[in-house]
**Student:** 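Following this message is one structure expressed as structure tokens.
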Amino acid sequence: MSTIVEANLVGGRFTAEASGEPLEVRNPANGELVGRVPAMAASDLDAVLDAAVAGARTWRATGSIERGRILLEAAALIRQDAASLTELIVAEMGKTVLEARGEVGKTAEFFEYYGGFGRAPFGEMIPDARPGTFVLQRREPVGVVLLITPWNDPLLTPARKMAPALISGNAVVIKPASETPLIALRLAEILHRAGLPAGVLGTVTGRGSVIGDALATDSRLAAVSFTGSTSVGLDLQRKLAGSGIRIQTEMGGKNAAVVLADADLDLVIPVLMDGAFKQAGQRCTATSRLIVQREIADDLRARVAASVSALRVGAGDADGTDVGPVVSRTAQRDITQRVEAALGEGAIVIARAALAEGLAERGSFVEPLFLSIDRDNSLWRDEVFGPVLGLIEVDSLDEAITAVNDSAYGLSSAVYTRSLDAAFRFVDEVDTGQVSVNQPTSGWDIHQAFGGFKESGSPFKEQGLEGLRFYTRVKTAAVRTH
């Protein structure tokens, strides 16, 4: 792949003008330069935000059927460009080809799903006690919304936020992660080609430490949707408190999977491995805590150990790769340090997937690990965001549910069982926004609400109808006809 030089979309035109030195994007598998993007400063933001204010007026006045048509055209272009988009995700983020291809497909589905709402009712008429009076409840766009997106799903997460924001009639400004901005800018090009009017979408690339505060707290914004670390998300919540800018945060997770004694282990193992090790564990919904009923612990431990040992680690575009690199050298160091700390606290390695000689030096690779831990270990509490799974044993469903809820996070959880009673007790009693039964802790479809509790997220969920509610406000109108 040749080096890509991307530009930002500002007021309907693409420009590489920016005050800072361009940011370099490197392939995590080998360190090679993939591309460069402009590095904006706070002084560069006015042009984007002023264009968005004007774009919001234009887009609000555009009929919902036309808005939907443009989103559906964007979906068609994404499918048309699927091969090149897949290649770019692999090069920029390090996913396997299969994972990247799946991300591209889901991205198209988001625009197809929300594009269909261009012809759907999104309001209601309600009765009124006064004679000759009708009351309408309408949903209207909030205005200019800022999307701050992460590096782990660098195309899908922008789509998850953009599609409901745009079909609702808002103007969007997106700030992609500095590690993976190229694919987000490519998505902006696609929407521009699909016919999005000038100013309706603007992009901002640069270092969060330089432009983050000025961008997220600007008074021209009506809403901010953020996906990323809990520390940054909570900081944004504090900074926007009392400002009138609504905020949606999707943050970290420390997701647990419970395997009860009656579980079908032939079903459990591949599903559990998918939840824990796909995408190199770099998902907020990744399974990182394994809670097993003691009477089957030895059998499960042996099966998981054999599966982990068999994982093939390598470049995302290499044949047979199960687990690609993590996103950067910084992530590689952070994961390694967290594992070393856990081992120092008494964690025991059950199994590891060996790295080929020199692989960790050539790229940002880490060993997938399966560890035995206890509930005092930092690995039980802290999000690692890498291919690391920790196991504890329990005696009962009650003890398992208590263990699941023993976390500051509340994003996703899973239980594996043949018992409907145990399954529904688990669904009822765990304190997580997403609950799976005999499914991995990740993998929600586009029309199903997604989001967590506690330090994993805010009350506003994403996807489905819930995703539309964040980007709209309700206006009630009483109309007397005579």
**Student:** Answer with yes or no whether the side chains of Thr472 and Ser168 bring together a donor and an acceptor at under 3.5 Å.
**Tutor:** no
**Student:** Which heavy atom in Glu21 sits nearest to a heavy atom in Arg207, and how many Å separate them?
**Tutor:**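 That would be O-NH1, 4.1 Å.
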**Student:** CD1/Ile190 to OG1/Thr107 distance, rounded to the nearest 0.5 angstrom?
**Tutor:** 9.0 Å
**Student:** Within 45 degrees of the ring normal and closer than 6.0 Å to the centroid, is that where the cationic atom of Arg480 sits relative to Phe134?
**Tutor:**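 Output no; distance or angle outside limits.
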**Student:** Side chains of Tyr409 and Lys454: does their closest heavy-atom pair fall under 4.5 Å?
**Tutor:**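 No; the side chains remain at least 4.5 Å from each other.
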**Student:** More than 12 heavy atoms of other residues, nucleotides or ligands under 6.0 Å from CZ of Arg329: yes or no?
**Tutor:** yes
**Student:** Below 4.5 Å, heavy atoms only, C-beta onward: do Leu311 and Phe277 meet side chain to side chain?
**Tutor:**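 SC-SC contact between Leu311 and Phe277 confirmed.
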**Student:** How long is the span from the CD atom in Glu462 to the CZ atom in Arg160, to the nearest 0.5 Å?
**Tutor:**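 The CD atom of Glu462 sits 5.5 Å away from the CZ atom of Arg160.
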**Student:** Could you tell me the separation between the CD atom of Gln439 and the OG atom of Ser412, rounded to the nearest 0.5 Å?
**Tutor:**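 One gets 11.0 Å once the value is rounded to the nearest 0.5 Å.
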**Student:** Parallel, tilted or perpendicular: which describes the rings of Tyr113 and Phe117, with under 30° parallel and over 60° perpendicular?
**Tutor:** perpendicular
**Student:** Do Lys461 and Gln434 meet the criterion of a side-chain donor-acceptor pair at a distance under 3.5 Å?
**Tutor:**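 Lys461 vs Gln434: donor-acceptor pair found between side chains.
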**Student:** Do Asn152 and Val327 come within less than 4.5 Å of each other through their side chains, counting heavy atoms only?
**Tutor:**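 The answer is no; the side chains never approach within 4.5 Å.
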**Student:** Thr285 and Asn255: side-chain donor and acceptor closer than 3.5 Å?
**Tutor:**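 The criterion, which ignores hydrogens and geometry beyond distance, is not satisfied for Asn255 and Thr285.
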**Student:** Between Thr249 and Gln237, do the side chains contain a donor N or O and an acceptor N or O under 3.5 Å apart?
**Tutor:** yes
**Student:** About how many Å separate CE of Met251 and CD of Glu455, when rounded to the nearest 0.5 Å?
**Tutor:** 7.0 Å
